[in-house]
Amino acid sequence: MCGIAGWVSFDEEVINRKNIVVAMGERLRNRGPDSWGTWFSTHCGFAQTRLIVIDPEGGEQPMIKEFGERKYVIIYNGELYNTEEIRDELRSLGYKFNGHSDTEVLLTSYIEWGSDCVHKLNGIYAFAVWDDYENKLFLSRDRIGVKPLFYTYKNGSLIFGSEIKAILAHPYVQAAVDEEGLAEIFVMGPTRTPGIGIFRDIYELKPGHSLTFNKGGIKIERYWSLVSKDHEDDLKITMEKIRYLLDDASKRQLVSDVPLCSLLSGGLDSTAVSAFANEKLKKLGSKLITYSVDYIGNDKYFKPNQFQPNSDSDLVEAVSKEIDTAHNYVYVDNEELADALLPALYARDLPGMADVDSSLYLFLREVKKDVKVALSGEGADEVFGGYPWFRNKDAIESGTFPWIRMVEKRMNLLSKDVVKKIRPTEYLNDRYNEALMEVPKLSGEDKASSRMREIFYLNQTRFLSMLLDRMDRMSMASGLEVRVPFLDHRIVEYVWNIPWDMKNLHNREKGLLRESLRGYIPDIVVERKKSPYPKTHNPVFKEKVKSWLQRIIDDPSSPILQLVNKNEVQNLIDTDAKDYDPAWFSQLMGGPQLYAYLIQVNEWLLKYKIRIL
């Protein structure tokens, strides 16, 4: 796990401006606190920060391999889970290896198969290879988009990095936001349209895509996408395959030369991953370490609602005992939760999920004190249909993204000029219709099934990316690697074509997954109603962000004032944001989160010195 950054230009000698690439890499130190490296040729400069997980000596980067006159250099952020299979295949072709790192296997794969190497990979990755003989850069990103990669093209230069902050360190790039960026922040936010980097002229390399840059220019290719076809397996075989794939993914992802754990909430997804992983570890003579998070005072203030029927703390201890893990509890302080909104913002480079981000940041910061790698149940809800909107007729028929709520009401908080500029209704409709056009249709599918296929596609390509951004940035801000077995592409591909009636077994959220796991995890978990990531119910947090927002509104130098209707924001504060509960976005973003989001927008404009175009 690492941070990567680079600059390629055929119009000037990058090697004479090493300090720029060094500055880009320095912005990513948190992603790789264990080691650091750079590499330069006339037209290419690479920087890489490394979190050592596999092969401390043999996995150093940038890594160079030479074959005759040809030289190849790689920087790589990620983890391969089929390293040994690929290494064996390459050995059969005559290649030799100096260490046991997946980095060397990945670079050798590119040398042998070129851009087609990505079809061989099972893992999470964003990497860059420089072919010094052909003066060519190759960038690629994993199929689901677990690992990030951003780029820009300026003054004949291709500039890229794991995070936007690395790109902004280049003098050619200015922190500016136009109407598209503002619409993403205020209409789509905290989700982000795939490919859009919010900042003017900064783009995201989309999941499942590769980019080639040479003197002929930039070429982007999609190498992976979901394919719709008839599902031919009966229920019994389907459940067996789901169990096998999840078991295999969970155990594959235990590969590590450093301490490893699992994030255990007591829910279906994290329990399944933990149980399968622990089964393998016990055979090896050890026991899985697990961690859960809660908030100080939540036992006193928690109140169930339609989105959060019960708290994790009710079950996590019982689950840990039954599957026999070495469990650890982390409790987040509510005062610190508010303060952490700023480091969470800087980690993401954008306003995010408010305290849902900052709590994860604080949680994983504690986890990192003992381990370097964690397994998570992220992605199961999008793949198997866990959210309330999968079963809500109004949400399904709403004609928009089910999680983007109260848009018209939220627009009242903005100035009339900004609303006119971003065209919220039109922008939202355009992005929604754009997403629908991408859905791979299945010939002969009935209208209801086709609509559910669309809902799943929206979740897997739009909502999930927000959560993957969150997990990657909050974990890597502390130098912790988080792996996501449910997003093994084999699982995603197989479950995609299972009909909704089967996924919705017993008319329950993730009903098929539940029944697939029955007998393999505790019954109490199988029967538990879905509960999302825990948030604080302690009024301390709400009062702190409320007073913080008030100070921002009272300060005439606050940059957010150029965008908002000050009177409406004041009314939001005065009315305790009651009109925005229980959630103005998704399931967890209520009134206190709206305060926190606006705080993050203001601090983002201030910290990044953003120019509004």
Side-chain angles (χ1 to χ4, degrees), residues 246 250 259-279 281-282 286-305 307-334 337 355-356 358-371 373-381 384 386 467 470-471 474-475 480 482-486 509-510 513-514 517-538 587-588:
L246 183 57
S250 300
L260 176 146
C261 75
S262 177
L263 308 179
L264 178 64
S265 69
L268 184 72
D269 315 330
S270 65
T271 301
V273 168
S274 299
F276 285 130
N278 201 29
E279 183 179 64
L281 290 177
K282 283 185 174 182
S286 61
K287 181 188 290 191
L288 182 67
I289 302 167
T290 53
Y291 289 82
S292 63
V293 64
D294 206 345
Y295 304 84
I296 295 173
N298 244 19
D299 54 341
K300 178 180 178 182
Y301 295 105
F302 175 79
K303 292 181 180 179
N305 61 43
F307 296 131
Q308 199 158 15
N310 49 46
S311 67
D312 289 348
S313 59
D314 295 342
L315 277 179
V316 69
E317 182 177 3
V319 171
S320 172
K321 285 182 178 179
E322 188 155 346
I323 67 174
D324 191 25
T325 69
H327 194 69
N328 301 271
Y329 298 89
V330 175
Y331 291 95
V332 174
D333 178 82
N334 288 275
L337 180 65
D355 62 304
V356 184
S358 63
S359 63
L360 185 64
Y361 167 79
L362 294 172
F363 173 38
L364 297 182
R365 189 178 67 176
E366 291 301 307
V367 172
K368 172 59 195 300
K369 292 178 180 179
D370 299 312
V371 299
V373 179
L375 301 185
S376 167
E378 204 81 71
D381 288 312
F384 285 92
L467 298 179
R470 168 180 173 258
M471 184 60 80
M474 299 309 120
S475 61
L480 176 74
V482 176
R483 300 172 180 175
V484 282
F486 274 102
E509 70 276 5
K510 291 179 290 193
L513 179 61
R514 290 177 188 278
L517 295 170
R518 192 179 292 279
Y520 292 83
I521 63 174
D523 286 345
I524 191 173
V525 178
V526 173
E527 297 302 332
R528 181 190 183 188
K529 186 173 175 58
K530 175 185 164 47
S531 187
Y533 179 85
K535 72 172 185 178
T536 184
H537 298 268
N538 193 318
Q587 308 168 80
L588 299 176

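Within the 4.5 Å cutoff, the side chain of Asp324 has no heavy atoms near those of the Leu288 side chain. The shortest side-chain heavy-atom distance between Leu337 and Tyr295 falls under the 4.5 Å cut-off. Contact annotation: the side chain of Leu263 approaches that of Leu364 to within less than 4.5 Å [non-hydrogen atoms, C-beta and beyond]. Taking the side chain as every heavy atom from C-beta outward, Val367 and Cys261 approach each other to under 4.5 Å. The shortest distance between side-chain heavy atoms of Glu509 and Lys529 falls below 4.5 Å. You'll find the side chain of Lys287 stays beyond 4.5 Å of the side chain of Leu281, heavy atoms only.
A donor-acceptor pair under 3.5 Å links the side-chain atoms of Asn334 to the main chain of Ile296, judged by distance alone. Side-chain atoms of Arg470 never come within 3.5 Å of backbone atoms of Leu360 as a donor-acceptor pair (strictly under, hydrogens ignored).
Note on ring orientation: taking the six-membered ring where Trp is involved, the planes of Tyr329 and His327 are perpendicular (angle over 60°, cut-offs 30° and 60°).
Taking every heavy atom of both residues into account, Phe486 and Glu378 meet most closely at CB-O, 3.7 Å. Shown here for Val482 and Ser475, the closest heavy-atom pair between the two residues is CG2-CB, 3.5 Å. Here the closest non-hydrogen pair linking Ile323 and Lys282 is O-NZ, 3.7 Å. In terms of heavy-atom proximity, Arg514 sits nearest to Val525 at NH1-O, 3.8 Å. Here the closest non-hydrogen pair linking Ala380 and Lys510 is O-CD, 4.0 Å. In terms of heavy atoms, Asp269 sits closest to Gly377 at CB-O, 3.6 Å.
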The test is side chain to side chain contact (heavy atoms under 4.5 Å, CB included); show your working for Ser320 and Leu264 and say whether it passes. CA-CA 8 Å; Ser320 172; Leu264 178 64; 4.2 Å; yes
Checking Val371 against Leu480 for the side chain to side chain contact (heavy atoms under 4.5 Å, CB included) test, could you report, in this order, the C-alpha distance in whole Å, the side-chain angles of both residues, the deciding distance, and whether it holds? CA-CA 8 Å; Val371 299; Leu480 176 74; 4.2 Å; yes
Given the rule in the side chain to side chain contact (heavy atoms under 4.5 Å, CB included) test, do Phe363 and Met474 qualify, once you have shown the distances and angles that lead to the verdict? CA-CA 9 Å; Phe363 173 38; Met474 299 309 120; over 6 Å; no
Determine, step by step, whether Leu268 and Leu513 satisfy the side chain to side chain contact (heavy atoms under 4.5 Å, CB included) criterion, reporting the C-alpha distance in whole Å, the side-chain angles of both residues, the deciding distance to 0.1 Å, and the verdict. CA-CA 9 Å; Leu268 184 72; Leu513 179 61; 3.8 Å; yes
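Evaluated for a side chain to side chain contact (heavy atoms under 4.5 Å, CB included) with Thr290, the options Thr325, Asn328, Leu375, Thr271 yield exactly one hit, Thr325. Each of Ser292, Ser376, Ser274, Ser270 was compared with Ser265 under the side-chain hydrogen bond (donor to acceptor under 3.5 Å, both in side chains) criterion, and only Ser270 meets it.
Classification of Glu527 and Arg518 as a salt-bridged pair holds, one side-chain N sitting under 4.0 Å from a carboxylate O.
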